[in-house]
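One structure is given below, encoded as structure tokens.
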Protein chains: 2
Amino acid sequence: MTEPSKRDRVVIVGAGFGGLAAAKRLARKPVDVTIIDRRNHHLFQPLLYQVATAALSPADIAAPIRSILSDAPNVRVVLDDVTAVEAEANRVDLASGTSVQYDWLVLATGARHSYFGRNEWATNAPGLKSIEDAVAIRRKILLALERAETETDRDRRRALLTFVVIGAGPTGVEMAGAIAELARRAVSRDFRSITPHCSRVILIEAGPRVLPAFSASLSQTAANALGDLGVEVRIGAPVRDIGAGYVQLSDELILAQTVVWAAGVQASPAADWLNAEHDTSGRIFVNPDLRVAPHDRIFAIGDTANAAGSDRRALPAVAPVAKQQGQYVADVILRRSRAPFAYRDYGNLATIGRSKAVIDWGDLQLSGFTAWLIWSVAHIWFLVGFRSRIGVAISWLWNYLTYQRSARLITGDIAPAPAKPQELQAFERKCA
Amino acid sequence: MTEPSKRDRVVIVGAGFGGLAAAKRLARKPVDVTIIDRRNHHLFQPLLYQVATAALSPADIAAPIRSILSDAPNVRVVLDDVTAVEAEANRVDLASGTSVQYDWLVLATGARHSYFGRNEWATNAPGLKSIEDAVAIRRKILLALERAETETDRDRRRALLTFVVIGAGPTGVEMAGAIAELARRAVSRDFRSITPHCSRVILIEAGPRVLPAFSASLSQTAANALGDLGVEVRIGAPVRDIGAGYVQLSDELILAQTVVWAAGVQASPAADWLNAEHDTSGRIFVNPDLRVAPHDRIFAIGDTANAAGSDRRALPAVAPVAKQQGQYVADVILRRSRAPFAYRDYGNLATIGRSKAVIDWGDLQLSGFTAWLIWSVAHIWFLVGFRSRIGVAISWLWNYLTYQRSARLITGDIAPAPAKPQELQAFERKCA
């Protein structure tokens, strides 16, 4: 800022759960806040898989950052990309060529997919981090069903009707369950030549069980629930290779047109900006008060940070951690807190599908319809904005009552299938 | 189809208002129907401008063609592009390399933009025909506001805050009103450096008045209502040239980053497929029973056809004409009708903005809040599907009560503004 100001200037990079929580806590306080994001919207990532499976519209789970903060005259929102942090000059450089001065800097830049060094897999196994990702995956899933409807070759049709999800953390489990509900049930009456309930959905996990962050018994409950939905679960099955139309495991070649990556994330390049120490996932090691040594006035929070929990292990990369860290950092800046950051764990939730979810509250473990209801209410509650809450609640009620999906749109150019001169088949339904 | 069938095979190309109306009328009748569209969704085009101006989500006004027709086992939906019609072989060829045989063919392929021979204008002045168009225009409008927020050059900021709509038919008028409401009011509290109500919205019309299909007095009412919203109307102002960042009129150069084309349409290439006689807009001249001479069993309907009305002038390219023609053609195929097609005109509606609309029922003319309420109810009524009706009704109620917009998303890559090294300005608001 060019004008002299006695108020501290706080720059927040990233308007995910962490950055937004910090900005909200600093709203209408005696500091000047600039929050920078490369998107104009805050995204409620936990429900992104529902956009990818046509249950919700993008706007249901994304709200303009400006609107969220419009009541805070001391907060300015900037749509731009950070290219560098000049820590000695207390300055952040932006892609547009502009720069911003700070007294305090909060790095809340989140994470992106990691293919463990096999970035060439990204083309055939897209991950799920942004609205664009979700719309692209939705398009892939829906187009595969469309192509299968007119495909006369048995093997090609089978590959079109095979959907693979890699990684059985909450996102992978939710994704696999939602694809099964979409491809095997929601569209079942809409096709004439294929029978969508013949679709195969395969969830692949390198580790020994699904939902490793949950208790072993809830893992088993989740695996059973996935089975009920028709999802085939492969555990202890590391992926060897992914290419156009296939996934290679150690002992099995799966032919599938649609593959979704939910196996790993990598922190965004904030560590590089500061040349800071980081773990193998790129997360910056932070002090107990979330500062990035040796900088006194730079914090890293959320998926950008590797912060030790009370058990000395890194806190998980989940929304509640990011939110609490954002609020904590704001309190430090406002000199309201001197204690180290302490994460308050409210437990783990994951949903598998219609009326199926698991909740791990340590002593109390829940599954089934009750868990699903709690999961649903909690997610609506945590959505940003009254409008989104109504929209999502109505969509879910609709989807629940009708078994339909609200947002079954294929957008973007429709690439025609490869030419194969033939006549379209008559109305006959067959499996495989 | 490869299997012998005694039932007539009807092929419908296009699932817009006309094609869908025909398919619905033929549902569960003793004919085999194949409806081909390059999209998986039927689009309620009259509300597309609301997607372009962030008031509605794409899924609110688009429903999967398969879902709409899922209850009709005799109707098959094919996602593909038609490349040719072989009238002598009674065959339609598709981009995927497949083909479909017909006994009856209904061409309902709609229209696209026409730049009157200046196709190079399309880049800088996109038109509004598809979901992709609408999302791209929404992105343009919202990005212009974002860029203006950080732009320090006065002239560039002014160009970013100038929005031009070309063509003052219903789409142009509705678009201009909606942009004014979005850019001058809905986002007004969200920016810090710019004052969105300084935005200029300019509606350009080559002809002598806005809404030429309406009575002169309603035209005047609409022009006044546009003025109330802050839209500058230029009538009798043909566009000479459009380039990156400007629109050239005979006597004025308008510098504007965002230009929307709503001036002309051109029928899709159905006429070429048949080598049929067509008007200058590419619409096929059809017989009074909508057949395309000399073919006995090929019909053209909706925006694809030039059908004479009772006054011998071509019927307008509007949804009610297409719908009635689709139903009529189905009746002809079912041998329920032998009379020539007669269009029943229920009048003209157009909305300008919040509480402002005009209705032309010939003898009865309405404007203002009552007209707006009727317009709103009519559009919700004509939406396809209960889910869409609820979604749109709630979005509109929300937008009306809060002055906000539900779907203010910028999606796609965020191209950074051209580099211009400088410091971001402090919090100061200024006009122009």
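Chain letters run A, B, ... following the sequence lines, proteins first, then strands; residues in each count from 1.
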Using 0.5 Å steps for rounding, measure from the [atom1] atom of [X] to the [atom2] atom of [Y].
X         : Y         : atom1 : atom2 : answer
Asn40(B)  : Leu142(A) : CG    : CG    : 6.0 Å
Gln404(B) : Ser70(A)  : CD    : OG    : 6.5 Å
Ile410(A) : Arg38(B)  : CD1   : CZ    : 14.0 Å
His41(A)  : Thr411(B) : NE2   : OG1   : 7.5 Å
Leu145(B) : Leu79(A)  : CG    : CG    : 11.0 Å
Asp80(B)  : Glu149(A) : CG    : CD    : 12.0 Å

If you check every heavy atom in residues 60-69 of chain B against those of chain A, which residues fall under 4.5 Å?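 Residues Ala62(B), Pro64(B), Arg66(B), Ser67(B), Leu69(B) are the ones that qualify, each having a heavy atom under 4.5 Å from chain A.
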Applying side chain to side chain contact (heavy atoms under 4.5 Å, CB included), run through Thr98(A) and Thr150(B) and close with a yes or a no. CA-CA 9 Å; Thr98(A) 52; Thr150(B) 49; 5.7 Å; no
Under 4.5 Å from any heavy atom of chain B, what part of Ser388(A) do you find: side chain, backbone, both or neither?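 For Ser388(A), no heavy atom lies under 4.5 Å from chain B.
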Side-chain touch Arg39(A)/Leu409(B), heavy atoms, less than 4.5 angstrom: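 A side-chain contact under 4.5 Å is absent here.
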Side chain, backbone, both or neither: which part of Ile131(B) has a non-hydrogen atom closer than 4.5 Å to chain A?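 Only the side chain of Ile131(B) comes within 4.5 Å of chain A.
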Measuring heavy-atom distances to chain A, does Thr402(B) have an atom under 4.5 Å in its side chain, in its backbone, in both, or in neither?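 Interface part for Thr402(B): neither.
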Between Arg192(A) and Val77(B) (side chain of the first, backbone of the second, donor and acceptor by atom type, cut-off under 3.5 Å), is there such a pair?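 A pair under 3.5 Å: no.
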